[in-house]
There are 2 protein chains.
Amino acid sequence: MKNQTATPNLSATIADAIRSDIVEGRLLVGDRLPSEAELADQHGVSRATVREALKRLAAQSLIRTERGAFGGAFVNHLSYDEARAQQATTSTLLLGMNAISFQVACEARYALERSCTALAAERRTAALLGKMREEIDRQSDPSLTDEAFCASDVAFHRALVDCAGNEVLSYHLAGSVEAMQPLMNMITFTARSRAEIVDLHRAIVAGLDRRDVASVERALATLEAYTITLGQSVLKARAGR
Amino acid sequence: MKNQTATPNLSATIADAIRSDIVEGRLLVGDRLPSEAELADQHGVSRATVREALKRLAAQSLIRTERGAFGGAFVNHLSYDEARAQQATTSTLLLGMNAISFQVACEARYALERSCTALAAERRTAALLGKMREEIDRQSDPSLTDEAFCASDVAFHRALVDCAGNEVLSYHLAGSVEAMQPLMNMITFTARSRAEIVDLHRAIVAGLDRRDVASVERALATLEAYTITLGQSVLKARAGR
DNA sequence: GATTTTTCATTTGTCAGACATTTAATTGTC
DNA sequence: GACAATTAAATGTCTGACAAATGAAAAATC
């Protein structure tokens, strides 16, 4: 593709080779890679170069290393949490670095979130509805800082997407919700805007409870529109300063 | 200074420190990091350790390095393509390593994909509709291998999500579609199943053309159900073997 | 004989120093 | 002023060494 290999860059090449072995199933979860010395021999490079390659893979949570006899590099079992954390880091950076308008990011986030409404209304559990009501209670406390309000907001929406009872969907949606947090943290929430948001959160829970998909989607759409106006007022205030 | 954990792991610690500097905005896109020798001095470690830390960051596309005088490590501008490639790798591995049923993965994928239908019907362009029709033509060629058919399928769905005209949404959805490719590649597409899929693709394009959201969603729902039956027949065939 | 302790080999983590290669700025030459 | 050679700075790679961790085998002890 874009790898011209004018300068081979041995450690990157070796990392790519091992990554392919893992992604394409030639190395399975738990498998032990050859020792650094053996890998160096096999690829005809020094141990330092092999180590750089292994560190690249470790940064992607593809391998984990253990010290000592019978230690070494092992193909890592990628958990949902690790995967979500990685996805959130990448997405956060993407949003932060690309001069994306708050409106575009918000539109994407809520479009994605609406993809769970039908399944969530069908499968919501009492436990998750309880969790959502708990977060609503927390958000009603006026002494909450803006950061804490945002964090509770994230927890509320994560419970919402978990209602769909599909962990793959939860992974994708939770990652996109988390990635928005730095942008949301720019907003100063007044008592009035908090009340408005909490009302909409209540509408979402009530809608899920009644398995009323349409009302959940309406509440989410209203929430999206309201969040965008809040974001725009922040930008306007900044420009006018 | 020295944060002593159980096992310090210097290169990981240094990578974390620099990563925070980037994610939290103390280092901006394009900024040059100190040279490896300077970083080694600053952190009181050897150059090899610094290099391992930098390779970890490079693996996450957070930095890029340039050789020569006035070269060095620079904070990388994370592009949509890089971010999507990373997300797809992570998601693919997650799906491959967690004994996820084909049905659950498929359900998540199509739930996500439906999140673009309303925007796509509103904003679809002639160019993207043309691209989709082009892929449909390709898919109608019976001499196509299963892998090539899958690749064209991915291209078709990427054009579909691009219709929404929201690059953030495209990034998330394209990543999730790509992540499914290894699972889709397990399926052997008969002439009959290919015809069925192509028909549904045509229905999607026609629906977008007429800005008929409901018909696009119906076609996607049918495609989801059909894909799941195809996947299940593969699993059944395997079990019976 | 069973249990505890010691030794030992293996492997990763880190360091120091060296040389090769790349690259842009500088200098020298015409 | 244009072009070629030099130089300095930086990454890329190699070599060899030692430290630290760790499980297994061997030895010592009861």
Side-chain angles (χ1 to χ4, degrees), chain A residues 2-19 21-22 27 29-77, chain B residues 1-19 21-22 27 30-77:
Chain A
K2 65 181 168 187
N3 229 342
Q4 24 234 263
T5 39
T7 37
N9 205 317
L10 295 177
S11 80
T13 307
I14 293 170
D16 286 345
I18 300 177
R19 187 181 300 109
D21 287 345
I22 297 175
L27 284 171
V29 172
D31 281 0
R32 204 200 117 175
L33 275 64
S35 73
E36 295 174 353
E38 282 177 85
L39 284 172
D41 263 8
Q42 286 176 19
H43 291 90
V45 300
S46 73
R47 210 185 128 212
T49 302
V50 166
R51 281 182 63 79
E52 288 178 11
L54 293 179
K55 293 315 151 206
R56 294 175 120 106
L57 299 175
Q60 297 183 300
S61 301
L62 292 184
I63 62 169
R64 111 195 86 86
T65 54
E66 289 173 17
R67 295 178 70 168
F70 297 80
F74 298 84
V75 178
N76 189 37
H77 180 116
Chain B
M1 275 291 180
K2 273 199 274 186
N3 246 340
Q4 299 285 2
T5 51
T7 38
N9 206 320
L10 295 177
S11 79
T13 307
I14 293 171
D16 287 345
I18 299 177
R19 187 181 300 107
D21 287 344
I22 296 176
L27 284 171
D31 281 1
R32 205 201 113 170
L33 276 66
S35 73
E36 294 174 352
E38 283 178 84
L39 284 172
D41 262 10
Q42 286 175 21
H43 292 90
V45 299
S46 72
R47 210 185 129 212
T49 303
V50 166
R51 279 183 63 80
E52 287 178 11
L54 293 180
K55 294 315 152 204
R56 294 176 122 108
L57 300 175
Q60 296 182 301
S61 302
L62 293 183
I63 61 169
R64 112 196 84 86
T65 54
E66 289 172 17
R67 295 180 71 171
F70 296 80
F74 297 84
V75 178
N76 189 36
H77 179 116

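Below, read A as the first sequence line, B as the second, and so on, with proteins coming before strands; counting in each chain starts at 1. Only heavy atoms go into these numbers, but all of them, side chains included; no hydrogens, no water, no symmetry mates. All figures in this text were calculated on a predicted structure; none of them were measured in a lab.
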With 3.5 Å as the limit, what N/O pairs link the protein to nucleotides 3-10 of chain D?
from	atom 1	to	atom 2	distance (Å)
D:dA9	N3	B:A69	N	3.4

Listed pairs, N/O of protein and of nucleotides 15-18 of chain D, under 3.5 Å:
from	atom 1	to	atom 2	distance (Å)
D:dA17	N6	A:R47	NH1	3.4

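Under the side chain to side chain contact (heavy atoms under 4.5 Å, CB included) criterion, A:A48 pairs with A:S46, sequence neighbours left out. By the side chain to side chain contact (heavy atoms under 4.5 Å, CB included) test, B:S61 pairs with B:N76, B:L78, B:E82, B:Q86, sequence neighbours left out. Take B:T65 and apply the side-chain hydrogen bond (donor to acceptor under 3.5 Å, both in side chains) test, not counting sequence neighbours, and it matches no residue. With sequence neighbours left out, the side chain to side chain contact (heavy atoms under 4.5 Å, CB included) criterion links B:F74 to B:R32, B:R64, B:E66. With sequence neighbours left out, A:D31 forms a side chain to side chain contact (heavy atoms under 4.5 Å, CB included) with A:L27, A:L28, A:V75. Considering only residues two or more places apart in sequence or on other chains, A:R56 meets the side-chain hydrogen bond (donor to acceptor under 3.5 Å, both in side chains) condition with A:S11. A search for side-chain hydrogen bond (donor to acceptor under 3.5 Å, both in side chains) contacts involving A:D41 returns nothing, not counting sequence neighbours.
Listed candidates were D:dT11, D:dT13, C:dT12. Nearest to the side chain of A:N9 is D:dT13.
A close approach under 4.0 Å does not occur between any side-chain nitrogen or oxygen of B:T49 and OP1 or OP2 of C:dG13. For C:dG13, the OP1/OP2 oxygens have no side-chain nitrogen or oxygen of B:S11 closer than 4.0 Å.
As rounded to whole Å, 11 Å separates atom C1' of D:dG12 from atom CZ of A:R56. Atom-to-atom, CD of A:E52 to P of C:dT12 comes out at 16 Å; the value is rounded to the nearest Å. In this entry the distance linking CG of A:L39 with P of D:dC14 reads 14 Å, nearest Å. In this structure, B:F74 places its CZ atom 13 Å from P of C:dT23, rounding to the nearest Å. Protein atom CZ of B:R64 is 13 Å distant from nucleotide atom P of D:dG12, rounded to whole Å. To the nearest angstrom, P of D:dG12 lies 14 Å from CD1 of A:I14. When the P atom of D:dT13 is taken as reference, atom CG of A:D41 falls 17 Å away, rounded to whole Å. Atom P of nucleotide D:dT11 and atom CG of A:L10 are separated by 17 Å, given to the nearest angstrom.
The backbone N or O of B:N9 sits less than 3.5 Å from a side-chain atom of B:T13, completing a donor-acceptor pair.
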* Asked: Could you walk me through whether B:I22 and B:I63 pass the side chain to side chain contact (heavy atoms under 4.5 Å, CB included) check?
  -> CA-CA 9 Å; B:I22 296 176; B:I63 61 169; 4.0 Å; yes

